[in-house]
There are 2 protein chains.
Amino acid sequence: MIPSERMFHKGAPPTGGHRARKKERTRHAIEDAAIELFSERGYDATTIDDIAERAQIAPSTFFRYFPSKADVILGDQNERLPALQRAIIDRPASDSAIDALRAALQEQWVAAIDPDRTVRITQVIASSPVLSGHASAVGHGWQIAASQALARRKGLDDADQKCWMAATVALSTFGEAVKTWIDDGCEGDLAAAVDRGFDTLLALCVEWTS
Amino acid sequence: MIPSERMFHKGAPPTGGHRARKKERTRHAIEDAAIELFSERGYDATTIDDIAERAQIAPSTFFRYFPSKADVILGDQNERLPALQRAIIDRPASDSAIDALRAALQEQWVAAIDPDRTVRITQVIASSPVLSGHASAVGHGWQIAASQALARRKGLDDADQKCWMAATVALSTFGEAVKTWIDDGCEGDLAAAVDRGFDTLLALCVEWTS
DNA sequence: CCGAAATCGGAGTTGACTCTCAAAATCTAG
DNA sequence: CTAGATTTTGAGAGTCAACTCCGATTTCGG
């Protein structure tokens, strides 16, 4: 009796069981179906029923896996944040704020993502205001995290305006570089494109202060 | 007969008539009711019926004035764009890109808006992903416009990467300065806060290039 | 084979947005 | 000022899709 004492607890489900594996497969099927359809006909023009049909599930099952339509695309973008912060803090003190951010973004983001998937997701996000909104909230979270990390690296207050502004500028540079790379058809290396963006920024800094 | 030949044409309605004035009044009533309600209980929690009731109109009348719920807030943000571009281009050649943008934004935006209204609208926008998405699209439009203006000022190609990046950095600096000012309770002068933001940016440029 | 968990299927809710038609309100001419 | 044309509004029904709920059924694990 009292099955909950003999059964698995929510926090520690078996990762290898048939059940868990099937759930993973279903989850992936839904994600894949959704991204495909979003790419084909756009986010707003795709209904839950469409996704369910292609993923071979009942419409109501969709919501067992994702709390809302938007969450299929925006799954845990904040997962990488702690690693990013650590990478920023661990940069040698000789790095300027912009160099630290550039290096941290290169190793924690550019090197860690699946470019193909990222490109498709980015395009889908750009196709709908709702998703753009969620994405800009995510970007805001990154900015706060980066700003904090920069401040800690120098032993400054979390709200230090220079750190805040450095994070703003670096992340918008980064974002634009990525977006430009995608808009230009993903030619060449993403890492190189990001580097080019930061180089352009530094060249502008020279112009502006001379 | 054939009244359309004797009546006003669509392109040139009388601006002073009773009719036109009442329409303007109704439009304002809707806008005011909407912004009030959005501020009170949030964008998503406000229905068209709520707005209609407070504005004393029928729900269906709402859509005769605004094509969608979002448009009550996001009315013609692009109206000021041509003036902004002209202001950028007309800046003396001795101005750097960042100085030109700073000055143009100060005179065409900071000096031209109603701060109270802008603050309320900004807060409402931040309260909903849909609106944030639309707003970031508007911001993107500004960026393109600013970038073009910068390029023309120097006789460069519209797609020049330095101009593009300068616009990116300047506008995100500007946006953050405004947001910070609002988050801090609108203490002091908005123009001064914007100037402080740009000063911080330039100080960072010095740090990064030394 | 038995109990737990996941799924199905379908009905139900909500709110944005559309459409229509008849009832005001407003304009212009005489 | 009045009559007739026109525009605007009100009221209500109707669509569509996200999201919720629930009872019945299937699938899985021991």
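In what follows, every chain begins at residue 1, and chains take the letters A, B, ... in the order their sequences are listed.
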Could you tell me whether the side chain of Tyr65(A) and the main chain of His28(A) form a donor-acceptor pair under 3.5 Å? no

Regarding the side chain of Arg64(B), the nearest nucleotide among dG10(D), dT26(C), dC8(C) is dG10(D)

Can you tell me the distance, in whole Å, between the CD1 atom of Ile57(B) and the C1' atom of dA11(D)? 13 Å

Using whole Å, report how far CD of Gln56(A) lies from C1' of dA6(C). 17 Å

Measuring to OP1 and OP2 of dG10(D), would you say a side-chain N or O of Thr61(B) lies under 4.0 angstrom away? yes

Is a side-chain donor-acceptor pair under 3.5 Å present for Ser68(A) with Asp71(A)? yes

Nucleotide nearest Phe63(B) (side chain, heavy atoms from C-beta), chosen from dG10(D), dC19(D), dC17(C): dC17(C)

Could you check whether any side-chain heavy atom of Gln143(A) comes within less than 4.5 Å of a side-chain heavy atom of Trp164(A), counting everything from C-beta outward? yes

How close or far is atom P of dC16(D) from atom CG of Asp50(A), stated in whole angstroms? 13 Å

Whole-Å distance, Arg19(B) CZ to dC27(C) P, equals 6 Å

What distance do Phe38(A) atom CZ and Lys69(A) atom NZ have between them, rounded to the nearest 0.5 Å? 5.5 Å

Which of these nucleotides, dA16(C), dC19(D), dT8(D), is closest to any side-chain atom of Lys69(A)? dC19(D)

Rounded to whole Å, CG of Asp49(B) lies from P of dC17(C) at a distance of 12 Å

If I take atom OH in residue Tyr65(B) and atom C1' in nucleotide dT7(D), what distance separates them, rounded to the nearest angstrom? 11 Å

Taking the side chain as everything from C-beta on, heavy atoms only, tell me whether Ile182(B) gets closer than 4.5 Å to Gln123(B). yes

For Asp44(A) and dA16(C), give me the distance from atom CG to atom P, rounded to whole Å. 16 Å

Has His18(B) got a side-chain N or O lying under 4.0 Å from the OP1 or OP2 atom of dC27(C)? yes

Can you tell me whether the side chain of Ser60(A) and the base of dG9(C) have a donor-acceptor pair closer than 3.5 Å? yes

Hey, which sits more toward the 5' end of DNA chain C by its nearest nucleotide, Ser68(B) or Lys22(B)? Ser68(B)

Measure the distance from CD1 on Ile48(A) to P on dG9(C) and round it to the nearest whole Å. 17 Å

